[in-house]
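What follows is a set of notes on a single structure, which appears directly below.
This is a predicted model, so every value here is computed, not measured. All residue numbers in this chain count up from 1 along the given sequence.
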Amino acid sequence: MAAVVREASARLGGLRLGLAGGALAASVLLGPQHATAASSCTDESNPSYTVRHCRNVGMDLEGRLPRCPANSNCMSTSSVASPEHFLPPWSALSSGSSDAFSDRDVRVAWNLLNEVISSTPGLTIVDRDDAALYLRAEGASSVPPTALDDLEFVLRRSDGTVTFHSESRDTLFVYPLQRPVGCNDCHSKRLEEIRKRLGWDDFSERLGYDLSGEGESGESGPRGSTGFTLGKFVPLL
């Protein structure tokens, strides 16, 4: 398995150079990538493995970040129908506060988010829109290690809700496996580290709801009678 991962990583290094030129041309023709959500995938296969290359970034016209594809190393607040790929949004509003999210709160939260992401080892902010309160960062993937991850964040101006999407561009399938080679919860762990550095709650904490579930099933139940459902996490602006 390790040898296959190394071989796939070496091939990806050369392929990325070719893709970079195409991405540059697309950015000139289409404008900022965050304007609309876009997803495109290509496969590279040999008898030992398949690598699926996908770009799944940007907001749709209603401000939602992408959902995770079914077979991917990915976590997103938009994947409400896919528990294994879902994490609850964060709240930049102070815990226990009932005050409205002011313009000053927006500025403070937005600056803090940018500061924490830019200072996270291995991450580089490559796209930032201060008007839309959107940013995208890139970082090295865990599997395969020569590939890249995209991390996207949107701060909702009205109430301080933070939605996000973190996905590996390249997914490795080793024959005869039908599921991708996992990255040991790399996206969840990195996002949780970022959240703790920000000092923000996620919505499961604010609403007293347990989303830990059992294993990867995503099943969970309320700690109290909040009436909370996953549907409330749909990130409408």
Side-chain angles (χ1 to χ4, degrees), residues 1-61 64-87 122-124 126-127 136-153 164-191 215-218:
M1 176 73 75
V4 171
V5 172
R6 286 195 297 271
E7 180 185 351
S9 298
R11 286 176 176 265
L12 287 173
L15 178 64
R16 191 188 302 165
L17 293 176
L19 292 176
L24 177 59
S27 67
V28 173
L29 293 173
L30 300 178
Q33 290 186 2
H34 65 262
T36 57
S39 178
S40 60
C41 297
T42 59
D43 288 352
E44 178 192 4
S45 299
N46 67 25
S48 299
Y49 63 83
T50 293
V51 177
R52 178 162 298 159
H53 315 280
C54 296
R55 291 302 308 277
N56 187 31
V57 297
M59 296 184 291
D60 66 15
L61 296 178
R64 297 185 183 94
L65 291 172
R67 300 180 180 91
C68 295
N71 290 319
S72 64
N73 290 319
C74 172
M75 299 300 293
S76 175
T77 53
S78 296
S79 292
V80 294
S82 180
E84 68 271 22
H85 294 299
F86 173 79
L87 285 175
L123 292 185
T124 302
V126 294
D127 190 1
R136 180 172 65 87
E138 294 178 349
S141 296
S142 296
V143 177
T146 56
L148 290 175
D149 295 342
D150 288 297
L151 288 83
E152 301 176 282
F153 300 86
F164 51 83
H165 161 252
S166 178
E167 182 175 345
S168 299
R169 294 184 189 177
D170 298 313
T171 305
L172 178 64
F173 299 84
V174 178
Y175 181 82
L177 299 180
Q178 299 300 311
R179 294 183 61 83
V181 176
C183 66
N184 194 27
D185 295 327
C186 59
H187 294 279
S188 298
K189 291 175 180 176
R190 180 161 53 190
L191 288 164
E216 298 248 323
S217 69

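- Atom SG of residue C74 and atom CD of residue E167 lie 4.0 Å apart, to the nearest 0.5 angstrom.
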What verdict does the side chain to side chain contact (heavy atoms under 4.5 Å, CB included) test give for L87 and L191, after you've listed the backbone C-alpha separation in whole Å, the side-chain angles of each residue and the deciding distance to 0.1 Å? CA-CA 9 Å; L87 285 175; L191 288 164; 3.8 Å; yes
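- Remark: S188 pairs with no residue by the side-chain hydrogen bond (donor to acceptor under 3.5 Å, both in side chains) rule, at least two apart or across chains.
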Using the rule given for side chain to side chain contact (heavy atoms under 4.5 Å, CB included), can you reason through L65 versus M59, listing the C-alpha separation, both sets of side-chain angles and the distance that settles it, and then say yes or no? CA-CA 5 Å; L65 291 172; M59 296 184 291; 3.8 Å; yes
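- Remark: R67 CZ to S76 OG distance equals 8.5 Å, nearest 0.5 Å.
- For S72, the side-chain hydrogen bond (donor to acceptor under 3.5 Å, both in side chains) criterion is met by no residue, not counting sequence neighbours.
- To the nearest 0.5 angstrom, E84 atom CD is 12.0 Å from D185 atom CG.
- A salt bridge links E138 with R169; the closest basic N to acidic carboxylate O contact falls under 4.0 Å.
- Looking at residues two or more places apart in sequence or on another chain, you find a salt bridge (Lys or Arg N to Asp or Glu O under 4.0 Å) between R52 and D43.
- Every residue two or more places apart in sequence or in another chain was checked for a side-chain hydrogen bond (donor to acceptor under 3.5 Å, both in side chains) with S79, and none qualifies.
- For T124, the side-chain contact (heavy atoms from CB on, under 4.5 Å) partners two or more places apart in sequence, or in a different chain, are V126.
- Nearest heavy atoms, G182 versus V143: O-CG2, 3.6 Å.
- Residues R136 and V57 are in side-chain contact: their nearest non-hydrogen atoms beyond the backbone lie under 4.5 Å apart.
- With sequence neighbours excluded, no residue satisfies side-chain hydrogen bond (donor to acceptor under 3.5 Å, both in side chains) with N73.
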Test side chain to side chain contact (heavy atoms under 4.5 Å, CB included) applied to V51 and T171, step by step: CA-CA 6 Å; V51 177; T171 305; over 6 Å; no
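- Every pair passing ring-ring contact (aromatic ring centres under 6.0 Å, His included) that includes a residue from residues 164-189 is listed here, sequence neighbours excluded: W90-F164.
- Panel note: side chain D60, backbone R64; a donor-acceptor pair is recorded below 3.5 Å.
- Put simply, the side chain of N184 never gets that close to the backbone of C186: no donor and acceptor are under 3.5 Å apart.
- For the pair D150 (side chain) and S166 (backbone), a donor-acceptor distance under 3.5 Å is absent.
- With H53 contributing its side chain and D170 its backbone, the two residues share no donor-acceptor pair below 3.5 Å.
- Every side-chain contact (heavy atoms from CB on, under 4.5 Å) that S141 has, sequence neighbours left out, goes to A147, D149, S168.
- Looking only at side-chain heavy atoms (C-beta outward), L123 and L151 come within less than 4.5 Å of each other.
- Closest non-hydrogen pair, T50 versus S45, comes out as OG1-OG, 2.8 Å.
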